[in-house]
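In what follows, chains carry the letters A, B, and so on, assigned in the order in which the sequence lines appear, proteins first and then strands, with residues in each chain numbered from 1.
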Protein chains: 2
Amino acid sequence: MDNGKSDDVFLSILDSAEKRFCRYGLKKTTMAEIAGDIGLSKASLYYYFPNKEELFKEVVSQGHKTLLKEFEGLLSSGVPAEDLLHGYLEKRLIYFREFVHLSALSLESINSLKPVYARLFENFRKKEIRLVGEILAKGIAAQDFQNLDVAYFSDLFIAIFQGLRHNVIVKKDTVNITETEYSLLRKQYESAFNMFMKGIKK
Amino acid sequence: MDNGKSDDVFLSILDSAEKRFCRYGLKKTTMAEIAGDIGLSKASLYYYFPNKEELFKEVVSQGHKTLLKEFEGLLSSGVPAEDLLHGYLEKRLIYFREFVHLSALSLESINSLKPVYARLFENFRKKEIRLVGEILAKGIAAQDFQNLDVAYFSDLFIAIFQGLRHNVIVKKDTVNITETEYSLLRKQYESAFNMFMKGIKK
DNA sequence: ATTTGACTTTTTTAGTTATAAAGTCAAAAA
DNA sequence: TTTTTGACTTTATAACTAAAAAAGTCAAAT
């Protein structure tokens, strides 16, 4: 349905790929394994995807897209900006836990990350910032927030929470996150969010 | 003067070592180079330090100690807690720029960092947290701050700013920080600090 | 007490080979 | 005609090895 060729095979490949990439990361997942999961031969994957890199990018983009879409819809609704921001953080946190291995600094070390992936994540970050920016603008328009520099504060917003997520990963040698760490992170999110709100509210 | 043996040779070794470690990191600095800087033979270094690891640890500890000492003194003074916190951040930021290469995730990748160094940084972090905790306690005692959970909020405080610093490094492939990045970080520090203060003030 | 040259040991690096995974394609199956 | 595959080639990774560099030692000199 996408481009000449067709099928839910395409989707089941994505599905299996996502599961494996999420659990084992890019390098530790082989095309043969992904194919095996759905009873196909490795060669068949190349009928649907030109190469591993594209498959990986597709998985990541898909995740990003899903997350962003969930919010773009809400933007036009009557929900107050504060709740939007809060809801966004909530989803972002859940996404983080599920996709740690996909996020930039998992097992593969920082500087060895291919520019093409770096761009992918940078791109997502930009979209996130733009989205948060729109929410901030909405809050300003509704007289809920002060008349602040939207570009700067949306960037800061993303930076703070990304920073908190970093802290969790960097301290560990494995990339698996325990329930304790996760709930501390959630608490920190909550506090930081409240402070941020106090900082920008009228 | 330290332990039987003596001299400012000890100090000039530390001095040269600090300069090289800060600029090139642990791995890219050789004992021969350090010795060469001060016109000594490599063998002489081993008269003062048992090995490279101890020398490195001494350099890092020294930096940490200096930073911490500057504040422990202030703690007993009459300066308001808010100013203390602010002053601390200021120093911390300057230290960061100067010592990036020493900080945990410079060139050597995260997981390849020896546990002994990890412990060193973890130790410093704990001291930082304790120090911030004391300042918070002071602010609470002076009725400036709300009656908050000191342990939790000092941890959060450190986490937020460490997170912001991370963001700067992670985005880059080199570890050199440009003036632009540095001043953005400083601005973020300022904003985050103001929000934090609004969040905890009475 | 301090320094060093000449030494040994350990760690890195560069180069090689073997193995595994990526990627291709003509033929088979649906 | 679309989809799948086995058998293949190419490319990347891992496992060894040899050479070079750096760490670390020590008896003798200052």
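Rounded to an integer number of Å, the gap from CG of Asn51(A) to C1' of dA21(C) is 14 Å. In this entry the distance linking CZ of Phe49(B) with P of dA22(D) reads 21 Å, nearest Å. If you measure from atom CG of Leu45(A) to atom C1' of dA21(C), you get 13 Å, rounded to the nearest angstrom. When rounded to the nearest whole Å, the span between CG of Asp8(A) and P of dT3(D) equals 11 Å. Atom P of nucleotide dG23(C) and atom CD1 of Ile13(A) are separated by 14 Å, given to the nearest angstrom. Going from atom CG of Leu26(B) over to atom P of dT11(C) covers 14 Å, rounded to whole Å.
In this structure, Phe124(B) and Tyr95(B) have tilted ring planes: the angle between them lies in the 30° to 60° band.
When the nucleotides dA22(C), dA23(D), dT4(C) are ranked by their closest atom to the side chain of Thr30(B), dA23(D) comes out on top. Closest approach to the Tyr48(A) side chain among dA23(D), dA22(C), dT4(D) is made by dT4(D) (side chain taken as heavy atoms from C-beta onward).
Between Ser44(B) and dT3(C), a side-chain N or O to OP1/OP2 separation shorter than 4.0 Å is absent. For dT24(C), neither phosphate oxygen OP1 nor OP2 lies less than 4.0 angstrom from any side-chain nitrogen or oxygen of Tyr46(A). For the OP1/OP2 pair of dT4(D) and a distance below 4.0 Å, the side-chain nitrogens and oxygens of Tyr47(A) include no atom meeting the criterion.
The existence of a salt bridge linking Glu72(B) and Lys65(B) is excluded, since no basic side-chain nitrogen approaches an acidic carboxylate oxygen closer than 4.0 Å. A salt bridge between Glu54(B) and Lys57(B) is present, with a side-chain N of the basic residue lying under 4.0 Å from a carboxylate O of the acidic one.
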Let's go through Tyr152(A) and Leu184(B) carefully: what are the C-alpha distance in whole Å and the side-chain angles of both, what is the deciding distance for side chain to side chain contact (heavy atoms under 4.5 Å, CB included) to 0.1 Å, and is it a yes or a no? CA-CA 10 Å; Tyr152(A) 172 72; Leu184(B) 173 63; 4.1 Å; yes

Restricting to nitrogen or oxygen on both sides, can you table the protein-nucleotides 7-11 of chain D pairs closer than 3.5 Å?
none

